[in-house]
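For clarity, every value in this text was computed on a predicted model and none was experimentally measured. Order of the sequence lines fixes the chain letters, A, B, ..., with proteins taken first and strands second; residue numbering starts at 1 for each chain.
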2 protein chains.
Amino acid sequence: MFSIGELSKQAKVKIPTIRYYESIGLLAPAERTEGNQRRYTAEGLERLGFIKHARELGFSVESISSLIELQEHPDRSCYEATELAETQLRAVRAKIRQLRSLEQELARISTGCSGDDVSENCYVLSALANHNLCNKDH
Amino acid sequence: MFSIGELSKQAKVKIPTIRYYESIGLLAPAERTEGNQRRYTAEGLERLGFIKHARELGFSVESISSLIELQEHPDRSCYEATELAETQLRAVRAKIRQLRSLEQELARISTGCSGDDVSENCYVLSALANHNLCNKDH
DNA sequence: TATAATATCTCTAGCGACTAGAGGTTCAAG
DNA sequence: CTTGAACCTCTAGTCGCTAGAGATATTATA
């Protein structure tokens with residue numbers, strides 16, 4: 001039985017975030033002391049670790065709710081959990097593709113004019129103003 | 001002189017977003033008709049295009065404000081604008097690195113157990129629960 | 001010119017996922 | 001038993017929009 005501060009330290013999740021997770025139903029309501037303070041067990045730490053890990057992998061809170069529900073119904077869970085993970089993977093890959101094209105354009109833009117050469121036409125600014133100077137259609 | 005709807009169509013930026021940009025000072029207040037409706041010129045379209053493009057490149061609204069200010073002071077602008085672009089580039093590259101490691105882990109997780117094999121232990125769920133099953137330390 | 005349809009106006013509230021702060025209570029160490 | 005750190009709830013703020021209500025303006029047609 002440890003306090004929310006201890007849990008926060010162990011799980012590396014901020015205290016207000018823990019309370020927030022409880023408030024939206026992602027964490028079950030914690031047990032309380034006489035004086036109304038939250039007390040947790042190893043189980044709570046595990047659950048919070050799960051949530052943290054999933055968040056770091058980019059799952060939305062909603063998806064995590066689904067995953068937690070799946071944990072409670074082990075029959076169909078594997079198929080659906082794998083599907084959720086694959087959806088997440090597709091989203092991550094799409095995001096990477098998008099960022100790569102941004103990277104290219106930004107790299108091109110920022111090497112376009114050197115900082116030393118203080119000319120009247122800054123290539124960065126004109127590249128931003130004028131989409132024609134850009135390869136991609138985002 | 002065209003309406004906000006026309007501007008929206010031309011710039012491919014939604015009407016509420018245009019009003020929002022005006023409200024936070026990113027766009028100068030538009031001229032108005034007798035009946036209080038906004039009217040724009042080609043200049044407004046250009047500015048909005050600049051903003052849109054910069055947003056698509058991931059610049060924050062705050063950075064865009066800076067860029068717009070720089071446009072008005074062409075003397076030091078090139079150096080500072082290039083710096084902003086480079087900062088943005090670094091952020092994009094960091095984000096890509098992070099997403100790549102997520103991609104790897106998600107790929108590993110979601111191929112770990114096939115959906116058909118409905119076992120009691122779903123690898124997706126245990127991988128999420130147990131950070132030790134993961135290569136990275138995020 | 002009258003009317004109807006469409007477009008616009010302002011204002012408020014909501015989204016996701018937290019974060020920060022005020023003002024008050026409880027716990028644990030000395 | 002006192003003190004100070006940790007905890008409590010509640011409200012409001014963050015960012016970058018988006019949605020809706022209810023009122024007014026413009027434009028096209030009859």
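For DNA chain C, the residues of residues 25-41 of chain A within the heavy-atom distance limit of 4.0 Å (strictly under) are A/T33, A/G35, A/Q37, sorted by number. Proximity of residues 59-69 of chain B to DNA chain D (heavy atom under 4.0 angstrom from any strand atom) is restricted to B/S60, B/V61.
Checked against side-chain contact (heavy atoms from CB on, under 4.5 Å), B/T33 has the following partners two or more places apart in sequence or in another chain: B/Q37, B/R39. The side-chain hydrogen bond (donor to acceptor under 3.5 Å, both in side chains) check on B/R38 picks up B/E22, with sequence neighbours excluded. With sequence neighbours left out, A/E103 forms a side-chain contact (heavy atoms from CB on, under 4.5 Å) with A/R100, B/L89, B/V92, B/R93, B/I96. In this structure, B/Q98 has no side-chain hydrogen bond (donor to acceptor under 3.5 Å, both in side chains) partners at least two apart in sequence or on a different chain.
On the nucleic acid side, DNA chain D has its first and last nucleotide under 4.0 Å of a heavy atom of chain A at D/dC7 to D/dT9, going 5' to 3'.
The side chain to side chain donor-acceptor pair (under 3.5 Å) analysis of residues 59-70 of chain A, with sequence neighbours excluded, yields the pairs A/S60-A/S63. The list of salt bridge (Lys or Arg N to Asp or Glu O under 4.0 Å) pairs with a residue in residues 10-21 of chain A, not counting sequence neighbours, is empty.
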For residues 23-32 of chain B, tabulate all N or O donor-acceptor pairs below 3.5 Å that involve a side-chain atom, not counting sequence neighbours.
{"unit_1": "B/S23", "atom_1": "OG", "unit_2": "B/Y20", "atom_2": "O", "d": "2.7"}
{"unit_1": "B/R32", "atom_1": "NH1", "unit_2": "B/N36", "atom_2": "O", "d": "2.9"}
{"unit_1": "B/R32", "atom_1": "NH1", "unit_2": "B/N36", "atom_2": "OD1", "d": "3.4"}

Residues 41-51 of chain B side chain polar contacts: donor-acceptor under 3.5 Å, at least two apart:
{"unit_1": "B/T41", "atom_1": "OG1", "unit_2": "B/E43", "atom_2": "N", "d": "3.3"}

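Distance check: A/E56 CD to B/E105 CD gives 9.0 Å after rounding to the nearest 0.5 Å. Going from atom CG of A/L70 over to atom OH of A/Y79 covers 12.5 Å, rounded to the nearest 0.5 Å. Rounded to the nearest 0.5 Å, atoms CD (B/Q88) and CG (B/L57) are 7.5 Å apart. Atom-to-atom distance recorded for B/R90:CZ and B/T87:OG1 is 4.5 Å, nearest 0.5 angstrom.
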Write down the protein N/O and nucleotide N/O pairs, taken from nucleotides 19-24 of chain C, whose separation is under 3.5 Å; answer none if there are no such pairs.
{"unit_1": "C/dT19", "atom_1": "OP2", "unit_2": "A/T17", "atom_2": "OG1", "d": "2.8"}

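Residue contacts for A/I24: at a heavy-atom cut-off of 4.0 Å it reaches no nucleic acid atom on any strand shown.
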